[in-house]
Amino acid sequence: MLKVVGIIDLVISLGLLGLGLFVIVRNRQRRINQLFGAVVLSLVGWIVSSSLSDLSPNEWWALFWARGAIIGPFFFCASFLYFTYFFPRDGRSLSKLKTAIIFGIPVLALILVPTKYNIEKVTLYEWGTDFVPGILYSVLLVCLISYFGKALHNLFKKYQQADSYEKAQIFYVFLGIVLVLLIGTFTNLILPVYFETGRLSVVGPSLAILIFTSLTAYAIVVHHLLDIWIVIRLGTIFTLLFAIISFIYVGIIGLLGQYIGSFSALVIASLFITLTFEPLKRFIEDKTDKIFFRKHYQMDEVIDELTSVVHKIELNLNKILDAFNDIAAKYFKVAEADMFVLTPAGTFVEQRVMDHKRELELGPDNPIVVFFNSNPGFVFNLEVIGRKMQDGELNLPVERIDLVPKVFEEMEKLDFTVALPISARNQLIGIYFLGKKKSGDDFSHQDLQLLNHLVLEIGAFIDNARLYEDLKRLDEAKSNFISVVSHQLRTPLSAMRWDTELLLDGKIDKKTQEEFLQDTYKNSLFMISHLDDMLIALDIGDKEINLVKERCGLKNFIDEVMLENQLLIQQKQLKFNVDLIELADNLFIDCKKIKKIIWVLLTNAINYSPANYGVVTINSRERQIDERKFIEVAVQDNGIGIIGEEQRYIFQKFFRGEEAKKMSPNGFGLGLYIVKAFVEAHGGMVTFNSAGRYKGATFTFTLPL
Amino acid sequence: MKKYILIIEDDLAIIKPLEIILSKRGFLLKIARDGEGAIQILEEKDFPDLILLDIILPKMNGFEVLENIKKNPKTKKIPVIILSNLARDGEIERGLAAGAADYFVKTNFSIYDLVEKIKNYL
């Protein structure tokens, strides 16, 4: 009996030691962790030496260990007090005087440890040791009371100033102390007085200490998971569990002890407790959750809150996502909530995260994305599906059931427990992920119902926010267009205005007069052609393009463009290679529109080619695509080229590349848009390729023969 | 001594009437056809008494040129008048905020009124 209790104590102290080391290893740099290590070490010293005293073979050894055992509590209360000065936040360092007072008394006490003022005599009994305490024990008692009093005072002061999560941390420590008092009273006061058994009084305090330190350790290590409800829940569960186990333990030993001997009764009790511990724990968790914790939200309330929050914020995607995450954090108490939103590139990008951003991206081939694309209403709950997979009966009402294990694996990798697809107008536009609940519970049916509602709302809000942003962008494009157009029209108009003003004044020489008339004429042509472009571009969007086909040839068009740009070609000393097949001169096409195509492609090549060594090549060939005959015309230059993003937008209305704007600032960004529309109206195709900046570009279009 | 004006403008049809009227009024002129050219002229320590600056320019736009002029301690005191056809409030505000002495929209002035306005800054 004695040996068993001593061994239990030793095991507890080993557990404590491990806990202390764990906390220190978790963050060696933090002073709280180091101090906590010191507190635990002094506790371990205390328990180990007192249990060694109990296990001693003779009274000399018992006295030796019993005297040594007093060092532990002295240093325990000193280091705990010291610890409370820094808990939960590393504060400023303590003054040297205070430190000296706190640790001075234990150090001075060391002198009296091996003397009779500590313990005079030890008597060995069957259940442990008994001793006559000396004066040092009175000192220890004073020390314990005053140090603990001060420590509690410190904690209380800090509790009042602390923010919510620090409050919860301090609460752990308070809870630990209360539990120690409860358990200590139970084993050392209630049990001995009412049941006349002092057996547990040896192991009780050690157990209490283990629970207390575990709670404190939890508070320190997992501090960002703290939640007052979880603390209360854990506290309740463990207190109940401890009370029930103690009752069974004492009951079995009391009932059976007199028949089969206390050792056998102890073995049976231990066996019984070991076997029933897990189911008992689950039972208590279930009952306490049902009574205290599970129903702490009402669907309607949450939805009302969500609606009121969302109505208060503007239609801004990020703010809305934050509001949803807040709700998830508040009601589901999850460690992590994460939203992935579809981007124009077709990937799902992590948008808003509760804790930290990982910058994750799910491509269109990711199994989670593929799975939700075929199951837009399915809630993927890792816990439920994991159980089904374990039982080998994966009969879910879903499409692409082959993907389920892959989705499972992917979610485990990302450390999420639940995934819900977010859809809007029948398209998957996002995925909402939740991590484990901090309490360790599964998601309940009610949780999933609420989540389902939540994602429906999220889908609608993302969609609205997107539409709003699209409208805003369209509006910007429109006003940008008005700005560009008015500028482009104002420029020739102002030249014409000033020229005619000077002409009317008549005080300029003949040569300049002629020049001004020429300029005015050219400017009017420029305006006409640009106005035409604008009208064409507006029409392209609105109605089908009418083709008026006649016979004509490309060669003439090319010559005309070159003639009109003669000056620029000469200035830049551009070289031209024109090589057309015979067929190109006898095409049945809408001649005006094809001339426009040639005009745009050729003037672009001229404008964006480098001076002095620019070369423009035009060639053509016959091609057969799917049994249809086409003529293919390519216009190649060695100019600025088209890079990156530009390649995506090059055929869009009003788009102009950055380099192009610099080289020729007066363009409208309509040329290639018109080219594409005209080629396609003929049943052909236009493509381009460019090897990069300053590496030229080749535009190729086909026309059916 | 004759005052010297630097015209930064790419469009020849705009340059020509400006050139004629301003030289008739007795100003010395220098013309830069793009932003980089203007900066080059200013680096030659050939400081004008006034700069007429267009915004839509090849190579470097007018706002960038203005920023450059105002950054350089030797040129930052030269009055810069923006002469552009960008006529939106935002663009005018941006030009004035960047340190332009004035902002004239070309179409809004007859060439004679424009010269009178310019003279106020000399």
Side-chain angles (χ1 to χ4, degrees), chain A residues 476 478-509 511-527 567-568 571 607-608 611 640 656 658-669, chain B residues 7-25 33-39 52-65 82-95 103-118:
Chain A
E476 267 165 36
K478 204 176 94 192
S479 81
N480 191 41
F481 164 69
I482 291 169
S483 163
V484 170
V485 166
S486 69
H487 176 265
Q488 307 301 63
L489 295 183
R490 271 171 199 272
T491 300
L493 272 174
S494 44
M496 285 156 81
R497 175 177 181 174
W498 294 347
D499 285 356
T500 42
E501 277 171 359
L502 291 172
L503 281 169
L504 285 170
D505 204 30
K507 286 178 190 158
I508 42 176
D509 60 77
K511 191 175 157 263
T512 318
Q513 280 182 19
E514 229 165 73
E515 242 176 72
F516 278 7
L517 284 172
Q518 280 288 347
D519 282 354
T520 306
Y521 174 68
K522 265 196 240 160
N523 273 324
S524 64
L525 287 183
F526 173 87
M527 284 182 62
L567 196 71
L568 193 56
Q571 271 172 4
N607 280 331
Y608 304 130
I640 54 173
R656 300 202 64 217
E658 279 310 309
E659 198 61 26
K661 272 193 233 168
K662 282 186 192 163
M663 278 196 85
S664 167
N666 290 318
F668 267 40
Chain B
I7 301 174
I8 309 172
E9 168 67 66
D10 63 320
D11 194 340
L12 212 57
I14 296 284
I15 295 171
K16 275 192 230 163
L18 277 177
E19 215 177 352
I20 285 174
I21 190 91
L22 288 172
S23 42
K24 272 196 173 171
R25 297 293 152 92
R33 297 287 299 273
D34 57 54
E36 281 175 12
I39 298 297
L52 293 179
L53 175 64
D54 187 20
I55 296 294
I56 308 272
L57 288 168
K59 289 179 187 168
M60 187 193 272
N61 74 41
F63 291 124
E64 291 169 302
V65 175
I82 293 177
L83 196 57
S84 167
N85 270 325
L86 288 176
R88 299 175 81 203
D89 290 347
E91 287 145 355
I92 296 172
E93 272 163 32
R94 186 176 166 195
Y103 194 116
F104 298 139
V105 177
K106 291 171 195 166
T107 37
N108 294 358
F109 294 96
S110 85
I111 194 131
Y112 302 110
D113 290 348
L114 191 70
V115 174
E116 290 311 308
K117 293 249 177 209
I118 289 169

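Chain letters run A, B, ... following the sequence lines, proteins first and then strands; every chain starts at 1.
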Counting only heavy atoms closer than 4.5 Å, note whether [X] contacts chain A via side chain, backbone, both or neither.
X	result
Ile20(B)	side chain
Ala13(B)	both
Asn108(B)	both
Leu114(B)	side chain
Ile55(B)	neither

Q: Please report the shortest heavy-atom distance between Val65(B) and Ala38(B), naming the atom on each side.
A: CG1-CB, 4.4 Å

Q.
Minimum heavy-atom separation for Pro492(A) and Asn523(A), please, with both atom names.
A.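 Residues Pro492(A) and Asn523(A), closest heavy atoms: CB-OD1, 3.5 Å.
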
Q. Taking side chain as C-beta onward, heavy atoms only, is Gln518(A) less than 4.5 Å from Glu514(A)?
A. no

(Q) So Arg33(B) and Leu12(B), do their side chains get closer than 4.5 Å, heavy atoms only? (A) yes

Heavy-atom distance under 4.5 Å to chain B: side chain of [X], backbone, both or neither?
X	value
Leu489(A)	neither
Lys522(A)	neither
Thr512(A)	side chain

Q) Is the backbone of Lys59(B) close enough, under 3.5 Å, to the side chain of Glu36(B) for a donor and an acceptor to pair up by distance? A)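 No: the side chain of Glu36(B) does not pair with the backbone of Lys59(B).
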
Q: Check whether the side chains of Thr491(A) and Asp11(B) place a donor and an acceptor atom closer than 3.5 Å, and report yes or no.
A: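 Absent: no donor and acceptor within the cut-off.
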
